[in-house]
Trainee: 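Let me give you the structure first, and then I'll get to my questions.
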Amino acid sequence: LPEPGTVEFKDVTFGYPGAEAPVLSNISFTAKPGQTTAIIGSTGAGKTTLLNLIPRLYDATEGEILIGGVPLKELGREAISQNISAVPQRPYLFSGTIESNLRFGAQDAEEEELWEALRIAQADGFVSEREGQLESKISQGGTNVSGGQRQRLCIARALAAKPKTYLFDDSFSALDVSTDAKLRAALVEPTKDAAVIIVAQRVSTITDADQILVLDHGEIVARGTHEELLESSETYQEIVTS
Ligand code: GTP
Ligand code: MG
């Protein structure tokens, strides 16, 4: 069997219920633990849809997705939520405390582990400045934190769960350049044994990825490292220069 956390897409096609044309066609790739797989492509290319198939927000229409060699449909909801952490494109917080938000997926974590997740996510500073700190209240929809803070709290929540697979959907876009750089440097160590899949709009986020998949109209039109794609893919060159 492939290592736990490995994500395999085998000839996956997906169309939204009721829609005419598929949004994803014949997608095949493997995301291995210890590696970063980046997905890049223009708006509407199908990046979020592809990520959402992994925790089974939708099921593939054709083809198969396997985690650690086990077909998703055999894994069960619990195994999926225990092994996969997703930071969605529009990160959400639950009404409750910061702590209860962080403990979603990490019920048994020590408080120190929550702070460690906050430090990595560059969120410890603003949390420690809030009255009540971990006990500070998040209002419904998380409207009493900024978009960038919400994004970092969702990243901290994903880290606290210590999954084998991380899915980041454009998760660094609300951060300023310096916070973005610090956060991604801090992520290297805690995610080093996990399979990391990052959807990006900015190429700067993914130049050091182990493999980059270029998605265009629901198809993988090129794949390789940044250097390889600069040589081989016109679509990638367009993204880089846009
Ligand atoms: P950006 O996040 O804007 O960069 O785009 P993306 O690459 O993440 O594309 P996404 O996967 O969100 O959308 C791919 C295609 O599926 C687009 O044509 C969307 O209009 C369509 N789509 C997305 N969500 C839904 C949905 O819930 N229902 C239907 N019917 N179509 C959807
Ligand atoms: Mg998207």
Side-chain angles (χ1 to χ4, degrees), residues 7-31 36-65 67 72 77 80 84-93 141-142 146-148 150-155 157-158 163 165-177 180 183-184 187 195-207 209 211-224 226 229 233-242:
V7 177
E8 289 170 275
F9 274 59
K10 292 188 172 169
D11 221 7
V12 169
T13 292
F14 174 76
Y16 282 99
E20 282 166 31
V23 169
L24 296 171
S25 303
N26 306 106
I27 302 291
S28 295
F29 69 92
T30 302
T36 297
T37 297
I39 301 168
I40 197 157
S42 53
T43 181
K47 306 179 294 296
T48 295
T49 304
L50 190 161
L51 277 198
N52 284 347
L53 295 179
I54 300 171
R56 287 192 73 186
L57 269 62
Y58 294 95
D59 282 326
T61 316
E62 286 171 50
E64 197 172 36
I65 301 170
I67 307 288
L72 266 185
R77 295 280 164 198
I80 290 174
I84 301 171
S85 283
V87 181
Q89 188 165 18
R90 283 185 211 84
Y92 50 84
L93 296 170
S146 75
R150 184 155 63 234
Q151 210 165 35
R152 281 176 278 168
L153 288 173
C154 288
I155 293 167
R157 175 200 285 153
T165 306
Y166 286 92
L167 310 176
F168 294 109
D169 192 350
D170 207 15
S171 301
F172 313 106
S173 57
L175 308 176
D176 61 74
V177 172
D180 179 8
L183 199 161
R184 282 184 300 104
L187 274 178
V196 178
I197 304 182
I198 297 185
V199 162
Q201 298 240 346
R202 276 185 282 179
V203 169
S204 61
T205 314
I206 52 138
T207 46
Q211 67 171 336
I212 300 169
L213 311 175
V214 183
L215 203 61
D216 190 20
H217 294 92
E219 292 182 40
I220 297 177
V221 295
R223 67 180 79 205
H226 176 67
L229 288 168
S233 169
E234 267 179 47
T235 313
Y236 191 72
Q237 288 159 11
E238 279 166 24
I239 293 167
V240 171
T241 51
S242 68

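In each ligand, atom 1 is the first atom listed, and ligand 1 is the first ligand listed. What you see is a predicted model; the values in this text were computed from it and never measured.
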Trainee: If I take every N, O or S atom of Gln89, is at least one of them less than 2.8 Å from the Mg ion (ligand 2)?
Mentor: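 Gln89 does place an N, O or S atom closer than 2.8 Å to the Mg ion (ligand 2).
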
Trainee: Identify the two heavy atoms, one from Ala158 and one from Pro163, that lie closest to each other, and give their separation to 0.1 Å.
Mentor: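 Minimum heavy-atom contact is O-CD, 3.4 Å.
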
Trainee: To which protein heavy atom is atom 1 (P) of ligand 1 closest, and what is the distance rounded to 0.1 Å?
Mentor: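 Protein heavy atom with the smallest distance to atom 1 (P) of ligand 1: Thr43 OG1, 3.6 Å.
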
Trainee: Of the side chain and backbone of Val23, name the one, both, or neither that has a heavy atom under 4.0 Å from an atom of ligand 1.
Mentor: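 Just the side chain.
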
Trainee: Given side chains that start at C-beta, do those of Phe9 and Ile54 come closer than 4.5 Å, heavy atoms only?
Mentor: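 The answer is yes; the side chains approach within 4.5 Å.
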
Trainee: Any nitrogen or oxygen of Ala19 lying under 3.5 Å from a nitrogen or oxygen in ligand 1? Just yes or no.
Mentor: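 No.
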
Trainee: Who's the nearest protein heavy-atom neighbour of atom 30 (N) of ligand 1, and how far?
Mentor: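 Checking every protein heavy atom, the shortest distance to atom 30 (N) of ligand 1 gives Tyr16 CB, 3.4 Å.
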
Trainee: From atom 11 (O) of ligand 1, is the closest protein heavy-atom distance below 4.0 Å?
Mentor: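 Answer yes: something from the protein, a heavy atom, is under 4.0 Å.
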
Trainee: How far apart are the closest heavy atoms of Ser171 and Ile155, and which atoms are they?
Mentor: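 Answer, listing the atom of Ser171 first, then Ile155: O-CD1, 3.7 Å.
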
Trainee: Looking at ligand 1, is there an atom of it that comes within less than 4.0 Å of some heavy atom belonging to Tyr58?
Mentor: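 Contact check Tyr58 vs ligand 1: positive.
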
Trainee: Quick one: look up the protein heavy atom nearest atom 2 (O) of ligand 1 and list residue, atom name and how far away it is.
Mentor: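 In this structure, atom 2 (O) of ligand 1 has Gln89 NE2, 2.8 Å as its nearest protein heavy atom.
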
Trainee: Is the Mg ion (ligand 2) less than 2.8 Å from at least one N/O/S atom of Thr49?
Mentor: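 Here the distance criterion (N, O or S atom, under 2.8 Å) is not met by Thr49, so no.
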
Trainee: What are the atoms of ligand 1, with element, lying closer than 4.0 Å to any heavy atom of Ala45?
Mentor: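 Result: 7 (O), 9 (O).
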
Trainee: Assess the side chains of Glu8 and Thr30: does a donor N or O sit below 3.5 Å from an acceptor N or O?
Mentor: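 On atom types as modelled, these side chains do not qualify, holding no pair under 3.5 Å.
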
Trainee: Taking all heavy atoms of Leu93 and all of Cys154, pick out the closest pair and write down the distance.
Mentor: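 Nearest pair, atom of Leu93 first, then Cys154: CD2-SG, 4.0 Å.
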
Trainee: Over 60° means perpendicular and under 30° means parallel, so classify the ring planes of Phe14 and Tyr16, tilted if in between.
Mentor: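 Perpendicular, since the angle between the ring planes exceeds 60°.
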
Trainee: At what distance is the nearest protein heavy atom to atom 13 (O) of ligand 1, and which residue and atom is it?
Mentor: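 It is Thr49 OG1, 3.8 Å.
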
Trainee: Starting at CG of Asn52, measure out to CG of Asp59 and round the result to the nearest 0.5 Å.
Mentor: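 Spacing of CG (Asn52) from CG (Asp59) equals 12.0 Å.
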
Trainee: Report yes if some heavy atom in the side chain of Ser173 is under 4.5 Å from a heavy atom in the side chain of Gln151; otherwise report no.
Mentor: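 Side-chain contact under 4.5 Å: yes.
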
Trainee: Look at atom 14 (C) of ligand 1 and say which protein heavy atom is nearest, naming residue and atom and giving the distance to 0.1 Å.
Mentor: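 That would be Gly44 O, 3.4 Å.
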
Trainee: Under 4.0 Å from a heavy atom of Thr48: which atoms of ligand 1 are those, numbered in the order shown and with their elements?
Mentor: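 Atoms satisfying the 4.0 Å criterion: 2 (O), 6 (P), 8 (O), 11 (O), 12 (O).
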
Trainee: Hey, are the side chains of Ile206 and Ile198 touching, using non-hydrogen atoms and a 4.5 Å cut-off?
Mentor: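 Yes, side chains in contact.
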
Trainee: So, does Gly41 sit close enough to ligand 1 that a heavy atom of it is under 4.0 Å from the ligand?
Mentor: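 Gly41: no contact with ligand 1 (<4.0 Å).
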
